[in-house]
Amino acid sequence: MHGGRVAVVGGSVAGCAAALAATRAGADEVVVYERAAGRLEDRGVGLAVHDDRYAEMEAAGYIDADIPWVRLTHRPWVVRDGEERAGRTVGAVPFPFRSYNWGSLWQELRARTPASVTYHQGAVVERVLSEPDGATLRFADGSEERFDLVVGADGYRSVVRAATHAATVPVYAGYLAWRGALPAELLPGPDTAWPEDAATSVGFPGGHLMAYRIPGRGGRGVSANWVFYAAPPAAAGLTLEDPTSLPPGAVPQELIAGHTEVIEKYFPPFWQEVIRRTPEAETQVQPIYDLIVPHFGEDRLVLVGDAAAVARPHAGGGAVKALQDASVLERSLRSAATWDEAVATYDAERTPSGRAAVELARRLGRAQVQRTPDWPAMDPDAIDAWWREAADGGRGFGGQAMPGPRR
């Protein structure tokens with residue numbers, strides 16, 4: 001499939017990868033519309049890519065070793081216990097991942113986007129009109145543009161997804177993720193408290209904290225990225241049916257009080273101090289949602305990344321899924337004789353993978369947040385057995401393996 005006009009709605013990681021895919025596949029014109037007007041590279045959230053999935057995406061040409069990353073090897077589980085400053089380790093599981101700074105990964109993908117791609121920032125697409133032989137984008141200023149194919153890379157609130165016949169919406173999972181990033185030079189001592197290659201988890205009733213090092217912004221230095229999962233206290237009175245996040249300054253005091261109570265009661269002193277030292281500007285609260293659409297492709301619309309499937313972060317495969325979506329889209333466009341064939345091919349491969357990722361993440365959420373074990377009673381053998389059960393034997397953890405091209 002060569003030629004034609006392709007629009008990508010959303011210009012973050014998934015959007016930049018999709019633009020690269022469409023250009024490589026031979027589209028005459030690729031235009032990206034990113035809603036945000038600010039600097040996306042300033043988003044300092046961490047993410048991790050499994051070694052096996054990295055190898056797939058490197059071979060496909062979407063990422064490489066030049067993007068700043070940190071090596072992770074294992075995931076210790078610790079609990080508060082007596083005088084041990086960083087906690088007592090009750091067990092550990094392998095964790096063969098590379099960690100990244102979201103902003104740096106986006107910046108590298110944006111730089112890899114060919115100069116022929118037009119990238120509009122601050123462009124708000126209000127509606128997508130699906131047509132038999134294309135799709136029209138309607139913008140906030142009243143203007144319209146028609147394309148042969150529209151790629152929805154616009155996340156939780158996707159306007160492209162809303163234009164499909166089954167306009168699925170994300171469903172709140174019942175708990176939150178508190179996120180923060182602390183520059184490594186501000187970490188408390190001693191230096192031996194937290195090995196550099198460890199993705200450490202602190203277990204407590206009703207949740208856990210996970211922390212690992214990531215490259216600093218722009219690849220400079222190292223930061224400690226932490227994510228703390230727990231259900232909000234009823235007193236917070238949150239209504240979270242509509243997908244959202246809570247930036248600094250927008251978090252209710254009742255929620256902060258409940259968060260602080262859990263930290264003081266269950267966290268080892270080292271990890272209490274990590275959270276206390278994290279600047280407020282580097283924290284946010286992210287409600288956890290699930291989303292899976294019945295089809296990743298329909299008519300002249302295709303969905304990638306979180307526009308198609310939102311999996312809880314526990315499976316460690318969100319960024320990978322977006323890159324895989326782009327890689328399969330490229331292959332589908334290259335091999336198809338028509339737009340309809342390309343969309344059908346993409347849909348047939350990616351929809352089952354998205355569903356499997358969401359189901360595994362739900363399973364991990366139940367095990368690590370909603371139905372937590374008695375962490376202090378665990379030992380290495382118990383952690384190993386619990387993890388094999390929770391992670392379905394490790395199948396799909398870190399992202400689903402991508403099948404080879406169909407022949």
Side-chain angles (χ1 to χ4, degrees), residues 5-23 27-45 47 100-130 134-164 167 169-170 179 181 217-218 242-250 281-282 284-286 289 300-308 310 318-319 322-323 325-326 329:
R5 301 186 77 213
V6 177
V8 179
V9 182
S12 63
V13 168
C16 288
L20 181 58
T23 306
D28 287 334
E29 183 181 4
V30 179
V31 186
V32 178
Y33 298 100
E34 168 53 41
R35 183 183 192 93
R39 288 167 49 88
L40 273 68
E41 60 266 40
D42 287 343
R43 298 179 183 177
V45 175
L47 60 93
Y100 295 89
N101 182 301
W102 189 99
S104 296
L105 178 62
W106 173 83
Q107 196 167 22
E108 293 289 345
L109 285 168
R110 177 73 182 90
R112 285 163 167 73
T113 305
S116 61
V117 173
T118 303
Y119 189 103
H120 295 291
Q121 201 155 357
V124 180
V125 178
E126 286 196 336
R127 191 177 178 191
V128 179
L129 305 173
S130 182
T136 296
L137 303 185
R138 184 172 294 167
F139 298 89
D141 63 4
S143 63
E144 294 184 350
E145 284 283 342
R146 188 185 179 284
F147 294 89
D148 297 295
L149 182 74
V150 170
V151 181
D154 47 343
Y156 284 31
R157 297 173 176 268
S158 174
V159 296
V160 181
R161 185 178 67 244
T164 63
V169 296
R179 293 184 175 274
R217 286 180 175 161
D242 189 31
T244 188
S245 62
L246 302 174
E282 297 297 329
Q284 62 174 298
V285 179
Q286 174 192 349
Y289 296 92
R300 295 293 183 85
L301 309 176
V302 297
L303 303 172
V304 301
D306 285 348
V310 177
L323 296 173
D325 288 346
L329 178 61

Can you give me every donor-acceptor pair (side chain of residues 5-12, partner residue at least two apart or in another chain, under 3.5 Å) with its distance?
| residue | atom | partner | partner atom | Å |
| --- | --- | --- | --- | --- |
| Arg5 | NE | Glu29 | OE1 | 2.7 |
| Arg5 | NH1 | Glu145 | OE1 | 3.3 |
| Arg5 | NH1 | Arg146 | O | 2.7 |
| Arg5 | NH2 | Glu29 | OE2 | 3.4 |
| Arg5 | NH2 | Glu145 | OE1 | 3.4 |

### Query
Is there a side-chain contact between Arg161 and Pro170 (heavy atoms, below 4.5 Å)?
yes
### Query
Would a 4.5 Å heavy-atom cut-off, applied to side chains only, mark Val160 and Val151 as touching?
no
Quick check against the 3.5 Å criterion: does [X] have a side-chain atom that pairs as donor or acceptor with the backbone of [Y]?
X	Y	result
Arg300	Asp148	yes
Thr113	Leu109	yes
Ser158	Asp154	no

### Message
For a side-chain contact (heavy atoms from CB on, under 4.5 Å) check, start with the C-alpha distance between Val45 and Gln284, then their side-chain angles and the critical distance, and finish with the verdict.
### Response
CA-CA 10 Å; Val45 175; Gln284 62 174 298; 3.5 Å; yes
Inter-residue atom distance [X].[atom1] - [Y].[atom2], 0.5 Å rounding:
X	Y	atom1	atom2	result
Gln121	Arg110	CD	CZ	8.0 Å
Leu301	Leu149	CG	CG	8.0 Å
Asn101	Gln107	CG	CD	9.5 Å

### Message
Test of understanding: with salt bridge (charged side-chain N to carboxylate O under 4.0 Å, His left out), list the residues that count as partners of Arg138, not counting sequence neighbours.
### Response
Glu144
### Task
Please identify each residue that fulfils side chain to side chain contact (heavy atoms under 4.5 Å, CB included) with Val310, with sequence neighbours left out.
Tyr156, Leu291, Asp306
### Query
Using the ring of each side chain (for Trp, its six-membered ring), is Tyr33 parallel, tilted or perpendicular to His120, with breaks at 30° and 60°?
parallel
### Query
Of the non-hydrogen atoms in Ala18 and Ala326, which two are nearest, and what is the gap between them?
N-CB, 3.9 Å
### Query
Which heavy-atom pair separates Ala308 from Leu303 by the least distance, and what is that distance?
CB-CB, 3.6 Å
